[in-house]
Amino acid sequence: IHEELEELFHRKLVDYLRAISGKTNIMLDLKYRSKGVGIAEAIEKSNYKGEIYVTSKYHKDLVLVKKCLPQAKVLLAIEDEPLDVESYLEKAGVDGVSIRAAFVEEDMVKQLHEHNHIVAVWVVNDPELAIYLAKLGVDMIITDKPREIMKALNIEIKRKSEIIELVRVIEEILGLI
């Protein structure tokens with residue numbers, strides 16, 4: 001049964017990626033170990049058009065994703081305070097970091113940008129924190145409250161109907177997991 005559910009998930013993922021291809025960029029967070037190659041295969045099969053970001057706390061899986069999908073931007077998820085995140089990213093050969101907001105510091109953001117690394121920050125549901133992080137220059141703010149954070153950052157929704165459709169697709173995907 002587990003294999004059948006996994007196959008269903010991959011078929012649905014391919015379908016959803018095709019549906020949103022060319023309309024938006026995506027970030028996929030691998031929540032389970034050893035799923036990276038399957039996700040990379042689904043992305044390739046979908047012929048997805050747009051930026052693809054893949055993040056996970058399973059760093060070995062991300063290295064495999066980067067090998068399978070060199071065009072994807074791979075971000076190591078860091079849940080604790082890092083000692084030397086730049087060296088770790090270089091050693092892993094990835095594109096950046098997805099880090100808990102509590103551990104983001106101005107010097108770290110500057111250092112990572114000097115080495116052309118992406119800085120994504122999560123979970124930012126407080127508008128004041130979002131404004132502070134934006135001023136630090138982080139590249140992405142991951143939130144459970146996109147409308148509230150976009151409003152705080154004065155980001156306009158230009159294609160409201162497409163955003164609503166994407167939210168519906170995402171909710172449908174989440175219902176599968």
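Predicted model only: the values in this text are computed from it and were never measured. Residue numbers start at 1 and run along the sequence shown. Values below: all heavy atoms of this structure, side chains included; hydrogens, waters and symmetry mates excluded.
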Determine whether a donor-acceptor pair (N or O, by modelled atom type, separation under 3.5 Å) exists between the side chain of [X] and the backbone of [Y].
X: N125; Y: D144; result: yes
X: K31; Y: D29; result: no
X: D139; Y: A120; result: no
X: R33; Y: K60; result: no
X: T143; Y: V124; result: yes
X: D95; Y: V74; result: yes
X: K66; Y: A72; result: yes
X: S46; Y: R18; result: no
X: H59; Y: A77; result: yes

Quick one: [atom1] on [X] to [atom2] on [Y], what's the gap to the nearest 0.5 Å?
X: I52; Y: I26; atom1: CD1; atom2: CD1; result: 5.0 Å
X: L69; Y: L64; atom1: CG; atom2: CG; result: 11.5 Å
X: L76; Y: K57; atom1: CG; atom2: NZ; result: 14.0 Å
X: M108; Y: I99; atom1: CE; atom2: CD1; result: 4.0 Å
X: I39; Y: H10; atom1: CD1; atom2: NE2; result: 5.0 Å

Next on the checklist: Quick one, H117 with Q111, criterion side chain to side chain donor-acceptor pair (under 3.5 Å). Give me CA distance, side-chain angles, the key distance, then yes/no.
Outcome noted: CA-CA 9 Å; H117 287 298; Q111 180 190 24; over 6 Å; no
Checklist entry - Are any of the side-chain nitrogens in E106 or K110 under 4.0 Å away from the carboxylate oxygens of its partner? => result yes
